[in-house]
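Read through the structure below, which is laid out as structure tokens, and then see the notes.
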2 protein chains.
Amino acid sequence: MNGTGTAAEDRVFAALANATRREVLRLLRERGPQAVQALADHFDMRRPSLSEHLRVLREAGLVSEERSGRQRIYRLEAAPLADVQDWLHPYERFWRDRLKGLGDLLDRMPDDDQP
Amino acid sequence: MNGTGTAAEDRVFAALANATRREVLRLLRERGPQAVQALADHFDMRRPSLSEHLRVLREAGLVSEERSGRQRIYRLEAAPLADVQDWLHPYERFWRDRLKGLGDLLDRMPDDDQP
DNA sequence: TTGACGCGTAGGAAAACGCCTACCTATTAT
DNA sequence: ATAATAGGTAGGCGTTTTCCTACGCGTCAA
């Protein structure tokens with residue numbers, strides 16, 4: 001029904017599974033929206049390769065582009081990261097409980113929420 | 001120095017970038033530790049293929065195995081997921097602020113925390 | 001209008017992925 | 001001892017990733 005399916009999650013996690021792309025996200029987060037050249041300065045990589053990384057991020061919905069003259073300004077879009085955090089929620093008690101030293105208990109008492 | 005480097009993050013995100021592996025994690029979370037055969041019943045896939053998925057999850061630290069007779073009991077290990085949540089934290093304000101409708105503001109006021 | 005600049009796309013090569021069919025080891029049952 | 005069960009490994013095959021160089025298109029400057 002909606003666009004938040006398995007393929008979308010695949011694309012987001014796959015996009016995050018690369019240090020260059022995570023670094024792009026960090027730069028957009030710390031320095032705000034910027035053009036491709038400014039981003040490219042931080043990487044030991046040809047610009048077309050970075051363009052492909054940007055396309056992966058775009059198709060995952062993690063960045064958006066806005067044309068400004070002959071530049072393309074890329075901007076962080078954090079919505080898919082919110083989805084990741086939502087995905088993490090059911091696992092949260094696993095590391096919180098385990099840190100309290102009662103992890104083995106819940107291993108034998110699985111939860112009952114099934115999508 | 002420590003084992004939480006870029007390669008480790010790559011491995012965790014890459015492990016999560018596959019619907020079969022995410023489903024394995026969900027099964028281990030909802031039903032507790034279990035053997036390979038029990039997991040395999042949920043997938044339209046030959047068992048050796050699932051074994052490879054389990055290896056990917058193991059190398060990402062997301063599951064552990066415990067030998068019990070001729071069975072291998074797999075258990076969810078949520079620590080890498082806690083790392084993912086930590087990684088998400090600096091982005092959190094982006095979707096929270098944006099939902100409040102003042103996202104454009106912080107786009108021009110980037111933060112200043114740099115690792 | 002001509003040239004330089006900013007970026008994307010095309011196509012290719014090497015590696016990694018995800019599936020398969022054998023096949024192997026270890027353990028339990030007969 | 002033999003057979004059956006549980007599950008990992010080896011190797012093959014088609015697809016995808018990730019880098020590259022070459023090139024095309026739109027925009028701004030001279």
Side-chain angles (χ1 to χ4, degrees), chain A residues 5-25 27-28 31-77, chain B residues 5-25 27-28 31-77:
Chain A
T6 292
E9 266 183 339
D10 276 17
R11 255 176 271 128
V12 173
F13 281 121
L16 297 178
N18 177 283
T20 297
R21 290 192 291 261
R22 287 196 305 277
E23 178 70 3
V24 167
L25 295 181
L27 289 167
L28 294 179
R31 314 195 180 202
Q34 50 194 296
V36 177
Q37 197 60 263
L39 292 168
D41 292 342
H42 296 272
F43 301 99
D44 182 22
M45 177 185 298
R46 304 295 173 184
R47 201 191 27 73
S49 302
L50 182 63
S51 267
E52 288 164 23
H53 284 302
L54 290 172
R55 181 163 53 80
V56 173
L57 289 169
R58 231 185 302 121
E59 290 176 351
L62 286 161
V63 302
S64 61
E65 74 164 34
E66 174 199 352
R67 263 152 251 237
S68 169
R70 54 185 159 183
Q71 301 193 124
R72 252 96 152 178
I73 307 301
Y74 277 84
R75 177 188 305 257
L76 176 65
E77 295 293 338
Chain B
T6 292
E9 267 184 340
D10 276 17
R11 255 176 271 128
V12 172
F13 280 120
L16 297 178
N18 179 281
T20 297
R21 290 192 291 261
R22 286 197 305 275
E23 178 70 4
V24 168
L25 295 181
L27 288 167
L28 294 179
R31 316 196 179 202
Q34 52 194 297
V36 176
Q37 196 62 263
L39 292 169
D41 292 342
H42 296 272
F43 301 99
D44 181 23
M45 177 186 296
R46 305 295 173 180
R47 201 188 31 69
S49 301
L50 183 63
S51 268
E52 288 164 25
H53 284 303
L54 290 172
R55 183 163 50 80
V56 172
L57 289 169
R58 232 184 302 120
E59 290 176 352
L62 285 161
V63 302
S64 61
E65 75 164 35
E66 174 199 352
R67 262 151 253 238
S68 168
R70 54 184 160 184
Q71 303 193 122
R72 251 98 150 176
I73 308 301
Y74 277 84
R75 176 187 305 256
L76 175 65
E77 296 293 338

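Within every chain, numbering begins at 1; the chains are lettered A, B, ... in the order of the sequence lines, protein sequences first and strands thereafter. Computed from heavy atoms alone, side chains included, the values below leave out hydrogens, waters and symmetry copies.
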From the list C/dC7, D/dC28, D/dG8, which nucleotide is the closest neighbour of the side chain of B/Y74?
-> D/dG8
For A/V56 and A/L62, what are the C-alpha separation, side-chain angles and deciding distance, and is it a side-chain contact (heavy atoms from CB on, under 4.5 Å)?
-> CA-CA 9 Å; A/V56 173; A/L62 286 161; over 6 Å; no
Mark yes or no for a side-chain to base donor-acceptor pair under 3.5 Å between A/E65 and C/dC7, with no hydrogen or angle criteria applied.
-> no
Whole Å only: how far is the CD atom of A/E66 from the P atom of C/dG8?
-> 14 Å
Nearest to the side chain of A/R70 - C/dG8, C/dC7, C/dC5?
-> C/dC5
Contact class for A/R67 vs. all strands (heavy atom < 4.0 Å): base, sugar-phosphate, or nothing?
-> nothing
Could you state the CG-C1' distance from A/L57 to C/dC7, rounded to the nearest angstrom?
-> 16 Å
Side chain of A/R72 - closest among D/dC19, C/dC19, C/dG8 | C/dG8
Atom pair distance, as rounded to whole Å: CD in A/Q34 and C1' in C/dC7 | 15 Å
Mind calculating the distance between CD (B/E52) and C1' (C/dC17) to the nearest angstrom?
-> 9 Å
Just how far is it from atom CG of A/L57 to atom CG of A/L50, taken to the nearest 0.5 Å?
-> 9.0 Å
Using whole Å, report how far CD1 of B/I73 lies from C1' of D/dG7.
-> 12 Å
C/dC17 phosphate, OP1 or OP2: any side-chain N/O from B/H53 under 4.0 angstrom?
-> no
Indicate yes or no: at least one non-hydrogen side-chain atom of B/E23 is less than 4.5 angstrom from one of B/L27.
-> yes
Could you tell me whether A/E59 and A/R11 make a salt bridge, using a distance below 4.0 angstrom between a side-chain N and a carboxylate O?
-> no
Check the distance between C/dC17's P and B/F13's CZ and give it to me in whole angstrom.
-> 16 Å
Tell me, which of residues 36-50 of chain B have any heavy atom that sits under 4.0 Å from an atom in DNA chain D?
-> B/V36, B/Q37, B/R47, B/P48
Under 4.0 angstrom, heavy atoms only, what part of the nucleic acid is A/A35 near: base, sugar-phosphate, or nothing?
-> sugar-phosphate
Starting from C1' on D/dT18, measure out to CG on A/L54 and report it in whole angstrom.
-> 14 Å
Backbone N/O of A/E65 and side chain of A/R72: donor-acceptor pair under 3.5 Å | no
Upstream residue (5' side of DNA chain D) when A/G69 and A/R55 are each assigned their closest nucleotide = A/R55
Distance from B/L54 atom CG to B/R21 atom CZ, nearest 0.5 Å?
-> 10.0 Å
Distance check: side-chain N/O of A/N18 vs OP1/OP2 of D/dT18, anything under 4.0 Å?
-> yes
B/Y74 and its side-chain hydrogen bond (donor to acceptor under 3.5 Å, both in side chains) partner, picked from B/R58, B/E66, B/Q34 | B/R58
